[in-house]
Amino acid sequence: MKAKYQEKILVHKIQQNGDTESFAKLYDLYINKIYRFTYLKLGNREEAEDITSEVFLKSWNYLISNRDQVIKSFSGLIYRIARNTLIDFYRQNSNTEVSLEDIGDIASHAQIAQHLGAKMEVEKVMKILQKMKREYQEVILLKYIEELSTSEIAEILQKNNTNVRVVLHRAVKVLKKLLE
Amino acid sequence: MKKVRQQLKNLKNEDAWQARHSWVLENKQLLMSQISKTNVEAKGERKEKTFSENWRNFAHIYQSFVPHNINKAFRPVLTAMMALVITTGGWVASAYAQPGDFMWSTKVAFNSVVEQGKLAFTSDENKTSVQLEFASKRAQILRQVVDSDIENKDTKNKLIKETSEDLKHKLDNVSESLQQTDATTASGLVKELSLKTKEISNTLKDAAAQTAIEDEGLSKDLSLQATDTAKQSLELVEVVLEKKIEANLEISEDEKLIIREHIAESVLEIQKDTEKVQAQADKLTEETKVENNDSTQTTTSSANNIELLTIVTLSASTTAVTSTAKTGDSVTEIKSRAAELSKTIVTENNNVQVLLDSNVLEAVKKTLELKNTISTLSHEVDTTLSNYNLENKVLIENKTTTTTTIISTSSTVRGVVTSTTNIIKTP
């Protein structure tokens, strides 16, 4: 709760005073999370780094150009921007003929194996996760890896809380089935 | 399902899913410089705060922090309370003060008091970490001051100077505190120390680059401080490693990775510095050569003109030639030393890479040694360069005086000769 209020203060300082120091603090808090989010979707370090940089710049621009808008949660905002940036990225690279629904399938098995090394169980979960529907993949990622609350996930995915719960329930069911 | 959840949570800690430390830092620097530019533009657009803007600010705070589901009956009371706090609380005003604002000095003083208070309640083992946090904060303030749009250059430069001195003081506190920390506590600080001090050094470098046009002296000081901080950064890592080795504690792979990155960056900096020193020495050699030729020409032309003035001109020119030659000698020496150092660095770099696998502490020491050598050489080049500029200035002044004397004396002599001829011609 304290952290949430601190984040709100930082966002307020950025919106009202263009405080770069506050943005630096938010950067430190979110850089690894956003990198992980994009890397899990892209499976490529360089691309994930580029997208992550773009996400932070977009977040800053959004905050200083929407000074009057009340930002309920910064995490909701930044993940939403990350999600949209990834969608744009795939649209721009559409000649690779990858459908939006299959974003998670981008990382090759070789890459996954290389990154996860000997940790077979983790690798297995990761492979399955990347083969799942984008919607399921996102809720699982946000809920269990990033440990966000249902209302935060709802804000990111622009759904209501009930919808998120339903999707999460289905996603877990599918994941469980695939793991068996 | 519990097992699956645990596996999913474990993914977060996988090395492959972590962003590279060096990239995180570089990207932060880049992002900060990008957003600082947009920030200056945005600030220019809204320079003067009106009453409506202050009200909008208050409304934003209210909407952001008062929960939406709160009973409507409490809203007027809360509004009144918040209005009271905002209008009467000076600290609120100072908390939002920007560099150059009336309340800025209050904010800085208030922060120092808060820091002292925080330090008083911090246990000994956490003191280094807290001091490091204070130093980072000072670096952020320095960036803020440099990026600020203070119109009076003297005020801005004074603020930059004060903040950078304060930053230096805070970093010294970190070193002192680390010396007193026990090995176990210090061992957890490698990552934090390496990353944060590197970040501070980069901030100082940026500040030096940004102030170069307005105040060359200040920029030079900041650049020097950046180099010192980079050295201090390595020294801090060295202290931690020494403590760990003394206490027989193992250096983890994660720590090795950070140190490896740190050393790689330092070696790259050393190489850049060596190239810079070599370029400066080359430039100086060229200039001293041209200056030697000029001085000789002055002597010859003066001798041809008026015999009477030859002795004066010759003595002035000889002094200039001698001092330029002296500078030339030291430049040649520096040039050869820089070339030698450049070769040594290639060899030492390979040694450092080998040492990194076998003896991390030795690798750090070796890098530090190289860094010290190059900074001494760089300092010598700087001194020679300023001496040379000073000598050049004196030489130009001497030349101007001599030429003026020659011109005035030649016209006098010409006048005397004409009158004498006229007298002879007159019957």
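A, B, ... follow the sequence lines: proteins, then strands. Residue 1 opens every chain. Computed from heavy atoms alone, side chains included, the values below leave out hydrogens, waters and symmetry copies. The structure presented is a predicted model; accordingly, all values stated were derived computationally and were not measured.
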Atom CD of Gln34(B) and atom OG1 of Thr20(A): how far apart are they, to the nearest 0.5 Å?
-> 13.5 Å
Which residues share a side chain to side chain donor-acceptor pair (under 3.5 Å) with Arg36(A), sequence neighbours left out | Glu146(A)
Measuring heavy-atom distances to chain A, does Arg143(B) have an atom under 4.5 Å in its side chain, in its backbone, in both, or in neither?
-> neither
Can you name the salt bridge (Lys or Arg N to Asp or Glu O under 4.0 Å) partners of Lys191(B), sequence neighbours left out?
-> none
Flag if over 12 foreign heavy atoms under 6.0 Å of NZ, Lys58(A) = yes
Looking at Asn32(A), Leu57(A), Ile140(A), which makes the most heavy-atom pairs under 4.5 Å with chain B?
-> Leu57(A)
Side chain, backbone, both or neither of Tyr27(A) within contact of chain B (heavy atoms, under 4.5 Å) | side chain
Side chain to side chain contact (heavy atoms under 4.5 Å, CB included) against Ser33(B), all qualifying residues, sequence neighbours excluded = none
With a 4.5 Å limit on heavy-atom distance, are the side chains of Ile31(A) and Trp23(B) in contact?
-> yes
Which value, rounded to the nearest 0.5 Å, describes the distance between Lys196(B) atom NZ and Asp28(A) atom CG?
-> 7.5 Å
Select all residues of residues 24-32 of chain B having any heavy atom within less than 4.5 Å of some heavy atom of chain A, and report them by number, or 'none'.
-> Val24(B), Asn27(B), Lys28(B), Leu31(B), Met32(B)
Can you tell me if NZ on Lys25(A) sees more than 12 non-hydrogen neighbours from other groups inside 6.0 Å?
-> yes
Considering residues, nucleotides and ligands other than Arg170(A), do more than 12 of their heavy atoms fall under 6.0 Å from its CZ?
-> no
Residues Lys137(B), Glu21(A): salt bridge by 4.0 Å N-O rule | no
